[in-house]
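Note on naming: letters A, B, ... go to the chains in the order of the sequence lines (proteins, then strands), and numbering restarts at 1 for each one. These figures come from a predicted structure and were not determined experimentally.
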Amino acid sequence: MLPPAFYLQPTLRVARLLLGKILVHRRRGAVTAGRIVEVEAYRGPDDRAAHTAGGRRTPRNEVMWGPGGRLYVYFTYGMHYCCNVVTRTAGSPEAVLVRALEPLVGIPLMRRRRAGGGAHTTDALTRGPGNVCRAMGIDRRVNGADLCAGPIVILQAPRVRPVDIVASTRIGVAYAGPDALLPWRFSVRGSTAVSRPPR
DNA sequence: GACCGGATTGGC
DNA sequence: CCAATCCGGTCC
């Protein structure tokens, strides 16, 4: 399991290091897990794309203001959850959005949780941030959960070599003006689970 | 209390 | 391209 200090590092560094790591959710014996292959960094008050842009502090983003190592889950578009790994120390409201996994454990359970939207390939089960949360059973109940305690943890795994990390612009943040151009989306080169081809 | 729009998804 | 579908954030 990744140690608490891991999450206190600079957010862009944590984002890159999270690639290849294993996100695990254990709930009442039901285990799902996947290899992280796509993330985005959201870096505090100066990042106009972040929920904490301009120093905004609200009930929704309160977890981002706390210490690194917790899960920030929010509900959006009236139907989807997105999950983030909070980084840095309390008072620095930064986080890394998990956008895609390669399913590893509990694939039949993921498929059941995703049922209703037709058939999916294994990779498609956890492709895109809303789908990651759906397949992994992540919702508002685990907002603020300590990633060093469970029910959701992140396991150490061989790092992805820098040459195999692709940086590109973040998805769906056109409202952020110039900050929409920052290359703060990171994905594993060649992974077929990545949500959209890097630009 | 109103109004606007979203760190998305899937279907046409 | 666009509808789905609720909440959060903001301002009155």
Side-chain angles (χ1 to χ4, degrees), chain A residues 7 11-12 14-16 18-19 23 34 36-66 68 70-88 92-101 103 110-145 147 152 166-187 192-199:
Chain A
Y7 301 100
T11 302
L12 294 179
V14 173
R16 288 172 167 277
L18 279 174
L19 295 177
L23 181 68
I36 298 170
V37 294
E38 181 185 351
V39 298
E40 285 176 356
Y42 286 87
R43 214 173 65 171
D46 296 336
D47 178 3
R48 292 175 60 186
H51 289 168
T52 52
R56 280 198 302 269
R57 185 168 187 159
T58 67
R60 180 178 69 155
N61 70 25
E62 183 59 28
V63 175
M64 282 186 73
W65 286 90
R70 307 219 272 231
L71 200 65
Y72 168 46
V73 180
Y74 68 89
F75 184 68
T76 191
Y77 289 103
M79 62 190 90
H80 302 295
Y81 291 97
C82 292
C83 72
N84 299 253
V85 173
V86 176
T87 57
R88 310 214 62 203
S92 292
E94 310 191 14
V96 177
L97 172 69
V98 179
R99 286 193 57 91
L101 311 173
M110 291 184 184
R111 213 173 281 287
R112 262 179 275 135
R113 286 171 172 161
R114 290 293 316 279
H120 300 94
T121 63
T122 299
D123 281 344
L125 293 171
T126 49
R127 178 182 293 140
N131 292 331
V132 167
C133 288
R134 176 64 64 99
M136 292 289 292
I138 291 171
D139 59 29
R140 62 180 83 248
R141 290 174 294 180
V142 289
N143 183 41
L147 291 169
I152 296 172
V166 183
S168 55
T169 54
R170 297 174 291 182
I171 305 294
V173 297
Y175 59 84
D179 288 351
L181 300 177
L182 295 168
W184 288 357
R185 173 187 179 219
F186 303 100
S187 54
T192 51
V194 169
S195 64
R196 313 201 346 204
R199 280 255 144 198

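Residues forming a side chain to side chain contact (heavy atoms under 4.5 Å, CB included) with A:Tyr77 (at least two apart in sequence, or on another chain): A:His80. For A:Thr58, the side chain to side chain contact (heavy atoms under 4.5 Å, CB included) partners at least two apart in sequence or on another chain are A:Arg60, A:Asn61. When the side chain to side chain contact (heavy atoms under 4.5 Å, CB included) test is applied to A:Val73, the partners found at least two apart in sequence or on another chain are A:Leu71, A:Tyr81, A:Cys83, A:Ile138, A:Val142, A:Asn143. Residues meeting the salt bridge (charged side-chain N to carboxylate O under 4.0 Å, His left out) test with A:Arg57, sequence neighbours left out: A:Glu62. The salt bridge (charged side-chain N to carboxylate O under 4.0 Å, His left out) check on A:Arg70 picks up nothing, with sequence neighbours excluded. For A:Asp139, the side-chain hydrogen bond (donor to acceptor under 3.5 Å, both in side chains) partners are A:Arg141, not counting sequence neighbours. Among residues two or more places apart in sequence or in another chain, the salt bridge (charged side-chain N to carboxylate O under 4.0 Å, His left out) test is passed with A:Arg112 by none. A:Asp47 meets the salt bridge (charged side-chain N to carboxylate O under 4.0 Å, His left out) test with A:Arg170; sequence neighbours excluded. Residues that satisfy the side chain to side chain contact (heavy atoms under 4.5 Å, CB included) test with A:Cys82, not counting sequence neighbours, are A:Tyr74, A:Thr76, A:Leu97, A:Pro129.
Side-chain atoms of A:Arg99 do not come within 3.5 Å of backbone N or O of A:Glu38 as any donor-acceptor pair.
The minimum heavy-atom distance between A:Arg185 and A:Val194, with the atom names listed, is NH2-CG1, 3.7 Å.
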Fill in: Pairing pattern in dot-bracket form [Watson-Crick, G-U; both distances under 3.5 Å; | = partner strand] for DNA chain B
||||||.||||.

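Nucleic acid contact class of A:Arg114 (heavy atoms, under 4.0 Å, all strands): sugar-phosphate only. Residue-level contact check: A:Asn131 touches the backbone only, with heavy atoms under 4.0 Å from sugar-phosphate atoms and none from bases. Among the atoms of the strands shown, none is found under 4.0 Å from any heavy atom of A:Arg170.
Residues from residues 36-57 of chain A with heavy atoms under 4.0 angstrom of DNA chain B, sorted by number: A:Tyr42, A:Ala49, A:His51.
Nucleotides of DNA chain B with any atom under 4.0 Å from a heavy atom of chain A span, from 5' to 3', B:dG6 to B:dG11.
For the C1' atoms, the distance from B:dG5 to C:dC2 is 15 Å, rounded to whole Å. Only the P atoms considered, B:dG6 is 16 Å distant from C:dC1, to the nearest whole Å.
Where A:Val173 and A:His120 each meet DNA chain B at their nearest nucleotide, the meeting point lying more 5' is that of A:Val173.
When distances run from any side-chain atom of A:Tyr77 to the nucleotides C:dC7, C:dA4, C:dG9, the shortest one goes to C:dA4.
Taking atom CZ of A:Phe75 as the reference point, atom C1' of C:dA4 lies 11 Å away to the nearest angstrom. Taking atom CG on A:Asn143 and atom C1' on C:dG8, their separation rounds to 13 Å, with Å as the unit.
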